[in-house]
Amino acid sequence: MAKIAILSDIHSNYEALTAVLAKCDEFGVDKYVSLGDIVGYNADPSICLEMVRSLDLICAVKGNHDEYASSNDDLMEGFNPHAKRAVLWTKTQLTSEQRNWLANMPLRATVPGTNITIVHATLDSPDNWGYVFDLHHAADNFAYQFTQICFCGHSHVPVAFYKKPISTMSERPIEEILAWTHQSDEGVSPKDTLVSDVLSVRLETGYKYLFNIGSVGQPRNHDPRASFAIIDTDTKEVFRQRVAYDFHTTQKKVLEAGLPERLAARLEYGN
Ligand code: ZN
């Protein structure tokens with residue numbers, strides 16, 4: 001079997017992707033899965049897309065930025081103006097072959113030979129681009145999850161849940177795995193979050209799991225480090241890994257490309 005790296009929301013961030021792939025090598029990763037939003041926001045869409053395509057990529061789904069960067073929908077309803085500007089710029093940077101490749105990715109998929117489903121947003125309605133933040137969203141998702149494990153992205157905020165095989169009336173059937181997010185908004189300073197580089201969850205038989213793995217290229221949980229996950233199908237463990245990268249260079253490229261300043265600034269704060 002294998003160690004599979006799960007990457008999401010790379011968002012044209014070459015420096016973050018390079019740092020993540022180096023860490024994957026260190027970890028002995030064999031195969032890769034992409035949860036979408038390879039492009040958008042930052043300044044290296046073409047090279048990031050080629051880097052992803054050159055990996056031993058066994059499964060990939062489409063994100064909303066991939067969708068808009070590869071379609072003729074220039075209205076992008078509900079998209080914030082910064083994201084929209086970056087998508088319009090991204091379109092000018094991609095070849096039609098690259099845009100076709102993005103356009104042809106499915107919205108959800110089962111990773112071949114595994115008990116894993118992947119989706120960018122949510123399994124219940126992947127094309128509505130909803131977010132998984134709490135137990136209610138997780139419950140909606142689990143109703144459509146027929147594999148033991150589901151990986152999702154989109155919110156750029158790591159969060160994880162499990163569903164028990166049986167639960168009594170007094171118990172909640174679904175619980176959050178708080179350690180997966182533990183640095184979140186409970187008044188913990190970003191410095192504290194630098195303590196742990198890796199978190200692991202051991203998968204128990206009969207339980208279902210939903211992992212939002214955070215973002216490689218635009219982290220939003222007050223930690224600027226790139227976030228991604230690795231699943232070891234032999235030991236049945238999922239690791240969330242964080243990697244520091246040279247975001248100053250990424251910021252410079254965003255500004256030089258004429259993309260919104262806010263997109264550069266947020267990389268430093270992870271928000
Ligand atoms: Zn995204």
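Note that the numbering runs from 1 along the sequence shown for the chain. Start at 1 and go down the list; that is how both ligands and their atoms are numbered.
Tyr41 has its ring centre no less than 6.0 Å from the ring centre of His82.
Judged by distance alone, the side chains of Asp124 and Thr122 do bring a donor and an acceptor atom under 3.5 Å apart.
Protein atoms that are N, O or S and lie under 2.8 Å from the Zn ion (ligand 1) are these: Asp9 OD1, His11 NE2, Asp37 OD2, His156 NE2.
Applying the side chain to side chain donor-acceptor pair (under 3.5 Å) rule to Asp44 yields the partners Lys253; only residues at least two apart in sequence or on another chain are considered. In this structure Phe146 satisfies the side-chain contact (heavy atoms from CB on, under 4.5 Å) test with no other residue, sequence neighbours excluded.
Proximity of a side-chain donor or acceptor of His11 to a complementary backbone N or O of Asn42 within less than 3.5 Å is not detected.
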Anything under 3.5 Å between a donor and an acceptor, one on a side chain of residues 198-208, the other on a protein residue two or more places apart or in another chain? List them.
unit_1	atom_1	unit_2	atom_2	d
Lys208	NZ	Gln145	O	2.3

